[in-house]
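Per chain, numbering begins at 1; letters A, B, ... match sequence-line order.
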Protein chains: 2
Amino acid sequence: MTPGRAAYPTHRAARTSTVRTAAVHGTGLIGTSVALALASRGVTVHLVDHDPEQARTAAALGAGTDAAPEGPVDLVVVAVPPAHVASTLAEVMGRGVGRGYIDVASVKGGPRRELEALGLDLSSYIGTHPMSGRERSGPLAGTADLFEGRPWVLTPTRDTDTEVLNLALELVALCRAVPVVMEADAHDRAVALVSHMPHLVSSMVAARLQDAEETAVRLCGQGIRDVTRIAASDPRMWIDILSANPGPVAELLAAVSADLDETVEALRALQSSDEDKRRLGAAGIEDVLRRGNAGQVRVPGKHGSAPTAYEIVAVLIDDQPGQLARIFGDADRAGVNIEDVRIEHATGQQAGLVQLMVEPAAAARLSAALRERGWAIRQ
Amino acid sequence: MTPGRAAYPTHRAARTSTVRTAAVHGTGLIGTSVALALASRGVTVHLVDHDPEQARTAAALGAGTDAAPEGPVDLVVVAVPPAHVASTLAEVMGRGVGRGYIDVASVKGGPRRELEALGLDLSSYIGTHPMSGRERSGPLAGTADLFEGRPWVLTPTRDTDTEVLNLALELVALCRAVPVVMEADAHDRAVALVSHMPHLVSSMVAARLQDAEETAVRLCGQGIRDVTRIAASDPRMWIDILSANPGPVAELLAAVSADLDETVEALRALQSSDEDKRRLGAAGIEDVLRRGNAGQVRVPGKHGSAPTAYEIVAVLIDDQPGQLARIFGDADRAGVNIEDVRIEHATGQQAGLVQLMVEPAAAARLSAALRERGWAIRQ
């Protein structure tokens, strides 16, 4: 078996396709990645872009042909920026160039309402959103496996043709993504909750460090490192994303703001000389911490399930190359599967700590095996 | 060389010690860990606890003796809960049982003011705070390497004897920690900034998931996973921590709250029909995102420096044991040092994505080497 490919048998073997031809309008990162995935699985893909050079580039990458299809295609994928989704769909649906039509924009409510306002028959249209992305953009950033194992939201309505739903579901399968059916506005609220709101809050925590003293910043640990990681993203991309979904994000931020103000009150109460006030303050702090526990536990860990309670085996390393290789090799020889890993580098030193997360049953075995091989284990 | 120990030559070889005897008051996690570190480097440690059973347990672990010292010791380490620090210090300083005295409580301003109020001569005292901890507590959780490579804050004043400062600095060195000198209140503001405030904000983001629909929660990705990770911590411990430092934390939360409210305003403006209002809204969003960029960049990465811009080489894996070992082994054979790693497990699948962070110069070499070995690389 080829390592890393075991979970992905070539699709043709099992395939009973109804999507034989497709047209991808918009050959940026997402459009080109969809086209590459479809083309790699034998679908004839026609590439269209307002900039023909972009379409030619995507074609040169093996994503399909920039020649126009001779007749209607099975599925038209509209992968243009949110602001142009409705007009592009109206145009291609008007020309009847496909049996089914989907878009892949990151918000779903707005475009649907625009289409309805245009009085179009939407039985052949499904708004979708593949939950994948990356820092880079453009056709050259496209990759056939961009959607591998990621959720792909579909927002059919009761007017949607079942045949069109099945075409969309097959596209998702061809892209190796995991279909999730949702109502359009529910989708927009969901991405506000799991992505847009946390992104802004992470930025606000990070913003507090901007003018902090160097000695204070030196005390940063893994906690704030994780909380602020996504604050490093490109502002321009995020302005577009947030501009397309301001309502749900504002609602969530307002709720967080209310929690914040209550927590500030609770902290002030903790400073009171009045014993009862201090008790009330502590209760307020405990409330937000416990609600945080209850929410955190719902964040899916591996395999989309609630996170297993892994045991952590922590190993001290220095900065010599190959130490991670030796640790993982030793774990492998001990027959232990590493479920997750974090590397915490020590402040002002070459030293670091590797946290290996394993099934509780395997922790003792792993510690013993690594110690035997001479590793410094922190228990 | 023994892997994992290269960075830690046994200390005795190089040692020119003035700390030959120490007394540790309070044999919980921190006290026992300090005692274990000192004892392992040849210091005679006397263990004291209000619960003699605890001191006996620590002694049984090799942390020292629970017998009382015959004369004054070189250094007295007070490792009792914050609320008892001042009274314990007053007692031991009153009896003159040591040449120097330190505490290790997680806040420094309050205890110092209490001691000053007691009218004690503080020339032989330094408030300190080792920036290490773990989920578990009590002597059995103690470990000699708990402080390895972590910052250890010292808060001497101009009244502090230099000899006492040097005793404290030697203790930090014996514990393999990195000394950081700060003013007591500056320390309390710093830990509020890099630890206490982010912890509460993480809890508030997580709290929003508590009542979310399952389909929404399924869309969680690595971003919210990282932002909410620390929200899983034990509320009781955090109530104690926050109760000891409410002022600085409240100030920071209030600042975050102001940013939140402005951002809600900006998002509302984005919904306006007025073009100028929308432009103002976008500018407001861009401002908070850019300030987030500027703050995030200050979070120390490895070696306590600003994070290097690593390149990410992403490798698709399935869930077979040994794949990580093979990846790291292959990277090692390619002579590439992995600086950091993230494992993102795919939703509802066994598949996952391993993100290897390497020096930009090494990224291409690593990709090529891994591809050659049959790995599916996402570029």
Next on the checklist: Between A:Arg189 (side chain only) and A:Pro248 (backbone N and O only), is there a donor and an acceptor less than 3.5 Å apart?
Outcome noted: no

Checklist entry - In chain order, what residues pass the side chain to side chain donor-acceptor pair (under 3.5 Å) check against A:Asp287, with sequence neighbours excluded? => result A:Arg291

Next on the checklist: Other residues, nucleotides and ligands only: do more than 12 of their heavy atoms fall within 6.0 Å of CD on B:Glu213?
Outcome noted: no

Among [options], who wins on heavy-atom pairs under 4.5 Å with chain B?
options                                : answer
A:Ala212, A:Ser202, A:Ala269           : A:Ala212
A:Val201, A:Val181, A:Leu193           : A:Leu193
A:Ser233, A:Ala232, A:Ala190, A:Ala144 : A:Ala232
A:Val288, A:Val264, A:Leu260           : A:Leu260
A:Gly329, A:Ala216, A:Ala250, A:Ser243 : A:Ala250

Between chain A and each of [options], count heavy-atom pairs under 4.5 Å; write down the option with the most.
options                                : answer
B:Val315, B:Thr263, B:Asp234, B:Asp330 : B:Thr263
B:Ala186, B:Pro198, B:Pro235           : B:Pro235
B:His187, B:Met204, B:Met182           : B:Met204
B:Leu219, B:Val249, B:Val180           : B:Leu219
B:Gly281, B:Ala231, B:Ala294, B:Ala282 : B:Ala231
B:Ile285, B:Leu252, B:Asp261, B:Leu270 : B:Leu270

Heavy-atom contact with chain B under 4.5 Å, split by part of [X]:
X        : answer
A:Asn245 : neither
A:Ala331 : neither
A:Leu253 : both
A:Ser195 : neither
A:Val217 : both

Next on the checklist: Using heavy-atom distances under 4.5 Å, tell me whether B:Ile230 contacts chain A through its side chain, its backbone, both, or neither.
Outcome noted: side chain

Checklist entry - With the threshold set at 4.0 Å, does a side-chain nitrogen-carboxylate oxygen contact exist between A:Asp259 and B:Arg208? => result yes

To the nearest 0.5 Å, tell me how far [X] [atom1] sits from [Y] [atom2].
X        : Y        : atom1 : atom2 : answer
A:Ile327 : A:Leu370 : CD1   : CG    : 7.0 Å
A:Arg373 : A:Arg333 : CZ    : CZ    : 5.0 Å
A:Leu316 : B:Glu148 : CG    : CD    : 5.5 Å

Checklist entry - Considering only heavy atoms from C-beta outward, does the side chain of A:Leu200 approach that of A:His196 to under 4.5 Å? => result no

Item to check | Heavy-atom side-chain contact between B:Leu356 and B:Phe328 under 4.5 Å | outcome: yes

Checklist entry - salt bridge (charged side-chain N to carboxylate O under 4.0 Å, His left out) with A:Glu265: which residues, sequence neighbours excluded? => result none

Next on the checklist: To check you understand the geometry: which heavy-atom pair defines the closest contact between A:Gln271 and B:Pro246, and what is its length?
Outcome noted: CG-CG, 3.5 Å

